[in-house]
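All of these numbers come straight from a predicted model, not from anything done at the bench.
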Amino acid sequence: TRCHIQPGRPALRSMALEANLPEKLCKLNEIAYNIWWAWNDDAQDLFRSLSPDLWEYFDHNPVKLLKSIPFTEFEELQNNPAFMDKLNNVYQNFKNYMGEISLNSIIDPNRPIIAYLSMEFGLHESLPIYSGGLGILAGDHLKAASDMNQNLIGIGLFYKNGYFVQELNQDGYQVEHYPLQDWRNLPVNVLLNQSGEPIKIPVEYPDRIVWTRVLIVRVGRIPLFLFDTDIEENSPKDRDISSRLYVGDREARIEQEILIGIASVRLAKDILGLDPAVYHLNEGHCAFMSAELIRRYMLQGFSFDSACEAIQGHTVFTTHTPVPAGNEAFSVDLVYKMLNRFFEHMNVSIHKFLDLGRNIDNNQEFSMTVLALRISRKANAVSKLHGEVSIEMWKLVMFTEERFFNYVTNGVHMPTWLAPGIKSLCWEVDRLHFEKIKSVPNEIIWQKHQEDKATLIHFLKERIKKEYLRRGLSIQQIKEMLVNLTEDTLLVGFARRFAEYKRANLLFTDIERFKKIIDNSDKPIVFVFAGKSHPADTRCKELIQEIYRYALDERFRGKILIAHNYNMHVGRLFTGGTDVWLNNPIMRKEACGTSGMKAAASGSINLSLPDGWWLEGYKPELGWKIEPSTTLEDHAEMCRQESNSLYDLLE
């Protein structure tokens, strides 16, 4: 590899360790180091053509791919006219998309700047710094901002151990593996100072200072800055602060949230020389940025209260879940311990800050959601119904004529999620033209859907065969599991982060009735599942195990399948290749449920409770609505009523 430094303003120089390529092929490096390729099919096909096996093995990571192919093969490729034509076409599309933008010009100081803060970003499976819908939404947000040429920067954390790789053991119980992510083999640069040295930002903790370097991911026209504490200036313990997403230990968790909150303001103001017009908090995890902003305003002579009011003037907050586990909270004592010295240096009592985050239902709990609401002028939920639920939840915290709460229903970044077959019907050089679909005959649309379905079926067969052979199942047992997996079978998909309120096991409420449905040989049906549970959520691991056991049960073999290691790649295959998309959460618990949008656009038909976006999107000609229960108090009765409605629709 060679070291490549991009020129520009001192604070916007960066370094990437690129693959050593022949001069004619250096364009490959330029494309690989911008996530633009993640939503451009031609770019992905270009990289895949270099080595299909390595492309799959490296989770579609072009940087690692380029560094793993012998130089002699590249020398041959530069003399291959067909490959060079393909490379030049992709590169020209990339340059047309980017225009004259360089790292230095990507942020326009003459336009209002948005700083978008999130603990996770779901950009691509090869960069596992995401876990669920919140992160996928954040990744789609950056991609859409790039397409719209918004003046926005993203800020998050770089997790060297990423989010875990999922394995199901012999009993179907989830086991987590945390492989090391080396930034040098990812589409990641390091931010440099004038001297060409990595920039490091200090963050104060009670008894020490922790330093973080800044990594950059180019997301089309948008820079995403990621903080990484794994540097030699820090102790071994502090090097691990940014190592894992959503660590369970409360002190380690608050250290992460203090890091991103304080360092984000210092990055924007001190390193990049920016004064963001808007700090957009994607959930409350990043709300400690208010502590650093209060410090800065008070240095200018503001009182604590006037500093808070000033912060409200340019802070926007998006909440993603009505489920308690999604609303971060710490004990007041822990927040006092971690931030008391920070406020002592400002000659202000920390108790005023603690009051900003005190939970309205528990005075000894510091809620990051409450803090985020109190420092924001505007806040939004992510669907109409979620807005109603959130207003009821937080009405005591934030509602005045000047400060209000509303909803903005989530969307998805269609170029990323649209299934290849359907996309081919309405895609022209980085632009979607959905109007074209109206003139396409139904038979052609069905043919394209069947192509996408065949891709999913091939993936499921290969993955299930490999996994179950490893677990000791016989070839005959595996054949029985896969016998119904054909393009003529109705394929019902359920793939998402496993949470108890999502009720992946609602189908099994009445086993006998369910068995009659799947035993109809004239109208074959197969249910395919995929999803990860939070590592600390024992109940959801048991749900995965329950589905795994049903898949092996002779009564259901071949009618229920579960694929391990759910990620963005698996998610795209599922939403693009299933016939019916199943979603049956407990009503008013699903904030939005954007996987159903991806499925709908790709030709899969939604079968869902009218929660989240489906309350707004449902029409009888567009899909099916599971009738909500008339009771919410009796959980068993609620599940019985709603499963009966689900069975009625399936029948």
For this session: Please determine if Arg572 and Glu125 form a salt bridge, counting it only when a charged side-chain N lies under 4.0 Å from a carboxylate O.
Result: yes
For this session: Output yes when Asp41 and Lys423 qualify as a salt bridge under the 4.0 Å nitrogen-oxygen rule, no when they do not.
Result: yes
For this session: Provide the full list of side-chain hydrogen bond (donor to acceptor under 3.5 Å, both in side chains) pairs with a residue in residues 129-142, sequence neighbours left out, each pair given once.
Result: Glu120-Ser131, Asp140-Trp417
For this session: May I ask you to decide if the ring planes of Phe459 and His569 are parallel, tilted or perpendicular, using 30° and 60° as cut-offs?
Result: perpendicular
For this session: Report the relative orientation of the aromatic rings in His124 and Trp37; use parallel for angles under 30°, tilted for 30 to 60°, perpendicular for over 60°.
Result: perpendicular
Problem set entry | NZ or CZ of Lys532 within 45° of Phe164 ring axis and under 6.0 Å | yes
Seminar exercise, completed: d(Asn61 CG, Leu66 CG) to nearest 0.5 Å is 9.0 Å
For this session: Give the ring-plane orientation class for Phe514 versus Phe527, where under 30° counts as parallel, over 60° as perpendicular and anything between as tilted.
Result: tilted
Problem set entry | Residues which pass salt bridge (Lys or Arg N to Asp or Glu O under 4.0 Å) with Asp59, listed by chain and number, not counting sequence neighbours | none
For this session: Could you pull out all residues at least two apart from Ser602 that satisfy side chain to side chain contact (heavy atoms under 4.5 Å, CB included)?
Result: Leu418, Ala419
Exercise. Does the pair Ser390 and Tyr407 meet the rule for a side-chain hydrogen bond (donor to acceptor under 3.5 Å, both in side chains), with working shown?
Worked result: CA-CA 9 Å; Ser390 298; Tyr407 76 93; over 6 Å; no
Exercise. Of all residues at least two apart in sequence or in a different chain, which pass the side chain to side chain contact (heavy atoms under 4.5 Å, CB included) check with Val483?
Worked result: none
Return all side-chain donor-acceptor pairs below 3.5 angstrom for residues 437-445, not counting sequence neighbours, or 'none' if the list is empty.
residue: Lys438; atom: NZ; partner: Glu435; partner atom: OE1; Å: 3.2
residue: Ser439; atom: OG; partner: Lys436; partner atom: O; Å: 2.9

Seminar exercise, completed: Sequence neighbours excluded, the answer for side chain to side chain contact (heavy atoms under 4.5 Å, CB included) partners of Ile517 is Tyr647, Leu650, Glu651
Exercise. Roughly how far apart are Asp45 CG and Leu50 CG, rounded to 0.5 Å?
Worked result: 11.5 Å
Exercise. Under the criterion side-chain hydrogen bond (donor to acceptor under 3.5 Å, both in side chains), which of His564, Gln174, His177 is the partner of Glu167?
Worked result: His177
Exercise. Angle class for the Trp55/Phe47 ring planes (parallel below 30°, perpendicular above 60°, tilted otherwise)?
Worked result: parallel
Exercise. Is the shortest side-chain N to carboxylate O distance from Arg218 to Glu30 below 4.0 Å?
Worked result: no
Problem set entry | All salt bridge (Lys or Arg N to Asp or Glu O under 4.0 Å) counterparts of Arg503, not counting sequence neighbours | Glu642
Seminar exercise, completed: side chain to side chain contact (heavy atoms under 4.5 Å, CB included) filter on Val278, not counting sequence neighbours, yields Ile114, His280, Val316
For this session: For Phe498, enumerate each residue passing the ring-ring contact (aromatic ring centres under 6.0 Å, His included) test, keeping only those at least two apart in sequence or located in another chain.
Result: none
Could you list the donor-acceptor pairs under 3.5 angstrom formed by side chains in residues 615-628, with sequence neighbours left out?
residue: Glu616; atom: OE1; partner: Thr409; partner atom: OG1; Å: 2.8
residue: Glu616; atom: OE2; partner: Lys384; partner atom: N; Å: 2.9
residue: Glu616; atom: OE2; partner: Thr409; partner atom: OG1; Å: 3.2

Problem set entry | Test salt bridge (Lys or Arg N to Asp or Glu O under 4.0 Å) applied to Glu176 - qualifying residues, sequence neighbours left out | Lys541
Exercise. Which ring pair (Phe, Tyr, Trp, His ring centres under 6.0 Å) pairs, counting each pair once, include a residue from residues 575-595, with sequence neighbours left out?
Worked result: none
Exercise. Does Lys453 come within less than 4.0 Å of Asp579, counting only side-chain N to carboxylate O?
Worked result: yes
